[in-house]
Student: 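Got a structure for you, written out below as structure tokens; questions coming shortly.
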Amino acid sequence: MADRVEIFDTTLRDGEQSPGASMNVHEKLQIAQQLERLGVDVIEAGFPVASQQEFDGVRQVAELVQRPRVAALARSVPKDIERAAQALEPAQRPVLHTFIATSDIHMEHKLRMDRKEVLEAIAKAVTTAKKLVARVEFSAEDATRSDLAFLAEVVKVAMDNGADVINLPDTVGYTTPAEIHRMFAYLISETPGAERLTFSSHNHNDLGLAVANALAAVQGGARQVECTINGIGERAGNTSLEEVVMAMRTRNDIYPYETGIVGDEIWNSSRLLSNLTGLAIPFNKPVVGRNAFAHEAGIHQHGMIANKATYEIMTPESVGRGRSELVLGKHSGRHGLAKRCADMGFELSEQEITQLYTKFIELTDRKKEVFEDDLRVLIASMRDETFETYRLVQLRTSGSDPAMALVKLYHGNVEYVETATGDGPVDAACRAIERVTGIEGRLTEFSIRAATPGKEALGEAHVLVAFDGRSTTGTGGSTDIVEAAVQAYVNAINKYLALQSTGEAPLPGQSKSAQN
Ligand code: KIV
Ligand code: ZN
């Protein structure tokens, strides 16, 4: 049996289903580019039938990506499959991923179908998909709670109708390592012709077992693991890509499997996703958390000085971390800055570098040392300017009860100045912005964190704003945390306007609340 395990990344599909993780097309493309550099085998780009934005996201990822396969999800119904196939048209190596639930509880209560009907739906869906796209993956949703004998029939029907990959998800994060190992080993041994298929494992983390279950599935014969950067995904998330890959690498004696993942890109991928979605990485998160390689106890530090292997089972460099601590300053110059961005995996145009350099020099006036994490925040906010409609150029706040804010915004070349009062400086500034834009938003989530250590750290703000009919996220970065928050608010408004322009958010007067 081959010892190569394929990495199927579903950050842009299942990961994007995490509350607060929704990304616009531009953000999805940045992630897709990074996933290609990271060396994943498959990028699942979305669920095209869900909305026009999902469709466009999949199509544009399919146009952009060169080496990895690009997958699109579809329920086992013709309209989903046709839409997914259309979205995949530009892909060099498309995968149509179709699924239906196979557990009794899902079939009875959700699908209202019996086993025979589900087998017929699988046969029809896989046949239709195979006519449209060369490679088809079939998923038996809730496989780990499905009757094993029935699951064997499901696998056979999917294979006989042309499926290339059979995915057996632990949809609700219920299984255990011993159980999932048995399931894969049994189905592979009981399916004549199984060697023609790739078996895949997709695990949710409700009991904190997703990585352990994925590894056990591989030991049971799976040769594709579905996972996400930072483990994001429905509810408690999915198998974390960085953890499952580093487990195979660090314990290759127990898990003698190879992947195509470029370790050096793990840190960058994790940071980029967190910057774009605003989902913070817990400090103690294995492999990519801020503390994952920090040794606090004196006895540990002593051991590390004598020999790093005393307390370090993998090096920070092996996941691309060491580099991020190199400092940049005013004297690094435009060329040095451009080179560092290229090393971090950002392909910036000359115009973008000029724009970034201006922001970088402004930052070095306020902060002596600039780290890669600072640059990521600057790049994330700068690249969002593609969508920019309003630009915050000045903010002044004073007082506290009530607070007063003055904002100066540009809309194209037109300047607007407004003042307002509010419960605090951020509230006052948001009200002033509402007066300029005419768009009312409700801040439903707001987080601020330091991008790097130190008193003069760059504050990175993330907001989730509920507008009429739609919510959007926003990101901002500044050494002044109120300014960072207000930038993030403006960014969320700009994204809302972009959605209005594509018809994905209601225009003024068209929303349900306006009709009622
Ligand atoms: O968790 C799950 O079952 C899924 C399938 C659609 C693959 O995400
Ligand atoms: Zn899932």
Side-chain angles (χ1 to χ4, degrees), residues 6-19 21-22 40-50 54 58 69-77 80-81 83-84 87-88 95-107 109-111 118 121-122 125-126 129 135-146 150-151 154-155 158 163-175 179-180 183-184 187 197-211 213-214 217 222 224-241 243-244:
E6 302 229 326
I7 298 296
F8 176 112
D9 182 278
T10 184
T11 304
L12 296 178
R13 200 277 299 167
D14 209 322
E16 215 230 359
Q17 290 170 217
S18 307
S22 72
V40 306
D41 298 286
V42 188
I43 296 175
E44 185 166 50
F47 187 18
V49 83
E54 277 285 301
V58 174
R69 298 183 197 276
V70 176
L73 187 68
R75 286 167 302 180
S76 289
V77 292
D80 283 36
I81 295 171
R83 198 80 179 126
L88 287 171
V95 182
L96 202 145
H97 178 190
T98 185
F99 74 100
I100 192 166
T102 55
S103 63
D104 288 335
I105 186 165
H106 276 235
M107 289 188 292
H109 298 282
K110 187 181 80 176
L111 300 175
V118 166
I122 295 170
V126 175
R135 190 170 172 89
V136 172
E137 169 166 331
F138 171 74
S139 283
E141 191 189 9
D142 207 17
T144 54
R145 293 195 301 168
S146 302
F150 177 58
L151 208 48
V154 165
V155 171
D164 304 278
V165 181
I166 301 287
N167 183 39
L168 302 172
D170 183 29
T171 304
V172 291
Y174 180 73
T175 197
E179 191 175 65
I180 199 169
M183 180 183 79
F184 275 92
L187 291 171
L197 294 169
T198 300
F199 279 82
S200 170
S201 186
H202 173 116
N203 299 292
H204 282 268
N205 203 28
D206 301 65
L207 295 173
L209 290 172
V211 171
N213 286 337
Q224 175 174 285
V225 167
E226 304 199 353
C227 44
T228 60
I229 303 292
N230 298 339
I232 66 167
E234 278 277 353
R235 306 181 308 279
N238 286 63
T239 303
S240 141
L241 181 149
E243 292 177 29
V244 80

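Counting starts at 1 for both ligands and their atoms, in listed order.
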Student: Quick check on side-chain contact (heavy atoms from CB on, under 4.5 Å): which of Leu12, Leu73, Thr228 does Glu44 satisfy it with?
Tutor: Leu73

Student: With hydrogens left out, which residues have an atom under 4.0 Å from ligand 1, given that only heavy atoms count?
Tutor: Arg13, Asp14, His97, Phe99, Ser139, Glu141, Asn167, Pro169, Thr171, His202, His204

Student: Any sub-3.5 Å donor-acceptor pair from Asp80's side-chain atoms to Arg75's backbone N or O?
Tutor: yes

Student: What's the spacing between Ser200 OG and Glu6 CD if we round to 0.5 Å?
Tutor: 9.5 Å

Student: Please tell me whether Thr98 and Ser76 have a donor and an acceptor in their side chains that are separated by less than 3.5 angstrom.
Tutor: yes

Student: Does Glu141 have any side chain to side chain donor-acceptor pair (under 3.5 Å) partners at least two apart in sequence or in another chain, and if so, which?
Tutor: Lys110

Student: Do Asp9 side-chain atoms and Thr11 backbone N/O form a donor-acceptor pair below 3.5 Å?
Tutor: yes

Student: Among Arg13, His97, His202, exactly one meets side chain to side chain donor-acceptor pair (under 3.5 Å) together with Glu226. Which residue is that?
Tutor: His202

Student: In chain order, what residues pass the side chain to side chain donor-acceptor pair (under 3.5 Å) check against Ser103, with sequence neighbours excluded?
Tutor: Asp142

Student: Regarding Asn203 and Ser201, do their side chains bring together a donor and an acceptor under 3.5 Å, going by distance alone?
Tutor: yes

Student: Taking the Zn ion (ligand 2) as the center, what protein N, O or S atoms are found at less than 2.8 Å?
Tutor: Asp14 OD2, His202 NE2, His204 NE2

